[in-house]
Amino acid sequence: MYKFIDTNETQETGSSLPAEALSINGQYIENLISGYRTLHVSGRELLGSEISDLEIGNSDGSRYQSKKYLPRTITVTYQLLTASDAAFRVAFNKLNQILDVEEAQLVFADEPDMYFIGTKAEVGEVTPGSNKVIGEIEFYCTDPFKYSMEEKELTPVLDDNLTFVVDYDGTYPCYPRLSAEANGDLGFVAFINENAKIIQIGDPEEADKETADFSEALVDYQMQDYDSADWTLNKAVPVDALNSWTHTGTLAVKQDGSRYVLAPTSYGGASGWHGPSITMQVPADSSGHAGAKNFTFEWICSVVAADYIRMGDAEFLVTAKDSGGRRYNLAGVAFFKTEYGTLNGAIGMYINGKEIGLISAPFIEGNALVDYKMHSIQKFGSTITFNIAGQKYEYTRPEFEDVEAVEISVILAQLGGNLGFYKNNVEWLRFTSHSVAGWKDVPNKLANGDVVEADCQSGEIYFNGVPAPELGALGNDWEDFRLNPGRNQITCAYSSWGEQPDFKLKYREVYI
């Protein structure tokens with residue numbers, strides 16, 4: 001029997017809590033307000049339900065359709081005994097403060113392992129002019145069920161630790177929280193209950209690796225390492241092969257300040273354009289293929305006239321072959337000066353031996369376009385992009401979509417008997433293929449240490465604690481994925497190519 005305290009009695013300091021004492025969000029009111037004591041509580045017992053039925057014509061009775069549990073009201077009857085009016089007012093101020101919470105956790109001392117969720121609604125009137133009163137507080141519970149204070153956690157125990165077995169002691173179904181911590185890359189995880197309902201996170205079609213084109217630097221040449229055996233001398237295809245060209249002369253490495261550069265030691269003797277060149281076959285990539293459909297050819301050069309009478313040319317070339325094996329200029333850039341009385345020259349851009357762009361520039365030391373600047377030719381499919389010291393020029397040529405580069409070349413030349421450039425130097429060359437066939441490690445949905453969680457109550461997916469609705473499958477069976485009273489089994493699945501993650505299931509029992 002619960003101990004009854006008459007309203008004229010006072011509560012002894014240190015006395016035990018009443019059996020039905022109420023704790024709100026973890027604190028008993030008796031421990032917060034001197035003189036307050038719970039007398040009794042109602043509304044925690046049988047739970048009413050609302051029946052939906054259907055009347056059919058003149059048939060007797062009706063046809064049952066469904067039922068639902070109604071919100072419940074819990075009424076707490078209490079007494080408050082104080083020694084003075086001032087203490088009485090302080091006590092009620094404190095009580096108002098304690099009760100001013102929404103969706104509070106309500107725990108009663110005779111059932112400390114369970115809680116309700118409720119909000120203060122109605123309060124009864126108390127006897128005026130007295131410091132010894134009895135009153136009522138009503139808590140409205142929109143969620144009529146009570147919950148276990150303990151949240152249980154399980155790991156799979158059957159089927160190579162892939163199936164949870166849950167002996168559920170609650171009297172009403174609950175919705176679990178399901179999680180997986182990855183031990184390596186994974187594309188998806190999933191949970192399937194014994195009724196074939198599923199919760200899926202990620203993409204089951206996602207692979208760990210896929211075929212892909214890699215970028216690989218096939219030539220990366222600093223001129224201090226120049227070796228003539230790496231190159232073929234005087235076999236380059238100039239940007240304009242129809243003009244009179246004579247391949248003659250020699251090159252060598254020299255120093256220009258702290259730079260090691262390749263420069264002509266002799267242009268040879270000939271009319272028209274003439275001078276030395278170097279050519280290298282595009283080396284085979286790591287897959288064994290020689291030639292690159294997609295590529296970037298980069299270089300650093302200095303082309304300086306120094307006075308008005310000098311004339312010269314520096315060409316950086318990418319060569320292809322036609323079906324008959326004829327070598328032709330796929331793309332190229334030429335730095336040239338052909339006029340007396342000026343330091344101005346031009347930078348030409350060429351595709352298939354035809355000029356498609358021209359830039360004017362003074363060929364003087366320190367100039368931002370011609371003196372030790374980086375330039376490049378890049379091809380991706382049908383798009384060819386020239387980068388002249390940071391200025392980009394893009395052209396589309398569908399006919400070259402699948403054409404491969406097979407050679408790179410450099411020509412350093414002069415015109416007739418005129419003086420060549422004061423500087424015609426090459427410091428660095430690099431050729432990168434973007435067409436190397438191989439396997440790519442796909443960035444998967446889950447990496448080692450990542451944790452995904454499915455909250456079946458709210459229908460939310462979390463990735464490392466952050467909401468991630470994009471990882472959830474559209475067909476997830478949230479409403480039907482629940483634990484029913486008795487034994488339940490839930491099986492886990494994951495990407496077949498991945499390592500098994502650490503699965504966990506958490507649940508809190510629900511009671512009517």
Side-chain angles (χ1 to χ4, degrees), residues 1-7 9 11-12 14-50 67-80 94-95 97-124 134-154 166-177 457 482-488 505-512:
M1 296 290 291
Y2 298 155
K3 180 185 177 183
F4 175 76
I5 297 180
D6 187 88
T7 57
E9 295 181 43
Q11 182 177 331
E12 296 178 7
S15 63
S16 61
L17 290 169
E20 293 185 290
L22 171 62
S23 167
I24 297 182
N25 288 343
Q27 292 186 300
Y28 284 98
I29 302 176
E30 279 83 351
N31 294 333
L32 299 174
I33 300 176
S34 177
Y36 176 93
R37 194 166 184 85
T38 302
L39 298 179
H40 57 81
V41 176
S42 64
R44 293 193 291 149
E45 294 75 28
L46 294 177
L47 182 60
S49 56
E50 182 179 275
K67 75 171 181 179
K68 69 175 182 178
Y69 288 104
L70 300 173
R72 75 163 79 218
T73 297
I74 297 176
T75 302
V76 176
T77 301
Y78 68 93
Q79 71 173 15
L80 182 62
K94 182 66 174 178
L95 185 58
Q97 178 187 5
I98 294 169
L99 298 177
D100 189 28
V101 289
E102 298 177 2
E103 296 287 278
Q105 183 190 75
L106 309 178
V107 178
F108 297 91
D110 59 352
E111 202 172 27
D113 56 343
M114 302 287 175
Y115 69 89
F116 295 89
I117 300 172
T119 304
K120 179 200 70 175
E122 300 294 328
V123 291
I134 294 176
E136 289 185 349
I137 309 165
E138 291 185 359
F139 292 91
Y140 188 67
C141 302
T142 56
D143 179 347
F145 306 110
K146 62 182 176 181
Y147 296 86
S148 171
M149 291 290 289
E150 178 190 6
E151 183 178 56
K152 296 183 178 180
E153 180 177 295
L154 301 178
V166 186
D167 290 317
Y168 182 68
D169 293 331
T171 59
Y172 189 82
C174 81
Y175 291 91
R177 289 193 293 143
Q457 175 71 40
R482 56 191 182 184
L483 300 176
N484 295 304
R487 173 159 287 202
N488 301 259
L505 182 151
K506 296 180 181 180
Y507 69 98
R508 195 182 298 275
E509 287 159 339
V510 183
Y511 296 84
I512 297 173

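The model shown is predicted, which means the values in this text are computed figures rather than measured ones.
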Worksheet entry | Nearest heavy atoms of P18 and A109, plus distance in Å | O-CB, 3.5 Å
Practice prompt. Can you measure from CD1 (I98) to CG (L22) and round to the nearest 0.5 angstrom?
Written response: 9.5 Å
Response to the item:
Interatomic distance, CG@L106 vs OG@S23, rounded to 0.5 Å, equals 8.5 Å
Worksheet item: If you round to the nearest 0.5 Å, how far is CD of E150 from CE of M114?
Response: 10.0 Å
Discussion item. Any side-chain to backbone donor/acceptor pair from Q97 onto L95? Under 3.5 Å, distance only.
Written reply: no
Worksheet entry | Within residues 134-148 or reaching into it, pairs that qualify as salt bridge (Lys or Arg N to Asp or Glu O under 4.0 Å) - sequence neighbours excluded | E111-K146
Practice prompt. Answer yes or no: is there a side-chain heavy-atom contact under 4.5 Å between I134 and L39?
Written response: yes
Response to the item:
Closest non-hydrogen atoms of P176 and C174, given as atom of the first, atom of the second and distance, are CD-O, 3.8 Å
Worksheet item: Do side-chain atoms of R482 reach the backbone of Y175 as a donor and acceptor pair under 3.5 angstrom?
Response: no
Worksheet item: Do other residues, nucleotides or ligands put more than 12 heavy atoms under 6.0 Å from E122 CD?
Response: no
Discussion item. Using 30° and 60° as the class boundaries, would you call the ring planes of Y36 and Y78 parallel, tilted or perpendicular?
Written reply: parallel
Worksheet entry | Min side-chain heavy-atom separation T119-T142 under 4.5 Å | no
Fill in: Main-chain N/O of T38 paired with E30 side-chain donor or acceptor, under 3.5 Å
yes
Discussion item. When you compare the side chain of Y115 with that of R508, does any pair of heavy atoms fall below 4.5 Å?
Written reply: yes
Item to complete: Answer yes or no: is there a side-chain heavy-atom contact under 4.5 Å between K120 and I24?
Response: no
Worksheet item: Considering only heavy atoms from C-beta outward, does the side chain of L80 approach that of I33 to under 4.5 Å?
Response: yes
Discussion item. Which heavy atom of P71 sits nearest to which heavy atom of P144, and what is that distance?
Written reply: CA-CB, 4.2 Å
Discussion item. Would you compute the distance between atom CG of L505 and atom NZ of K152 and round it to the nearest 0.5 angstrom?
Written reply: 12.0 Å
Discussion item. How about CD on E102, more than 12 heavy atoms from neighbouring residues, nucleotides or ligands closer than 6.0 Å, or not?
Written reply: no
Worksheet item: So, for Y168 and V510, which heavy atoms are closest and what is the spacing to 0.1 Å?
Response: OH-N, 2.8 Å
Discussion item. Distance to the ring centre below 6.0 angstrom and angle to the axis at most 45 degrees; does that hold for R72 and F116?
Written reply: no
Item to complete: Please say whether more than 12 non-hydrogen atoms of neighbouring residues, nucleotides or ligands are located less than 6.0 Å from CD in Q27.
Response: no
Discussion item. Checking the side chain of R487 only, and the main-chain atoms of V166 only, is there a donor and an acceptor separated by less than 3.5 Å?
Written reply: no
Discussion item. Quick check: closest heavy atoms across C141 and I74, and the distance to 0.1 Å?
Written reply: SG-CD1, 4.0 Å
Discussion item. To the nearest 0.5 Å, what is the distance between CG on D167 and CG on L483?
Written reply: 10.5 Å
Worksheet entry | L99 to F139 - nearest heavy-atom pair and separation | CD2-CZ, 3.7 Å
Fill in: Pairwise distance CZ(R37) to CD(Q79) - rounded to 0.5 angstrom
7.5 Å
Discussion item. With side chain to side chain contact (heavy atoms under 4.5 Å, CB included) as the test, pick out the partner of L47 among Y511, F145, Y172.
Written reply: F145
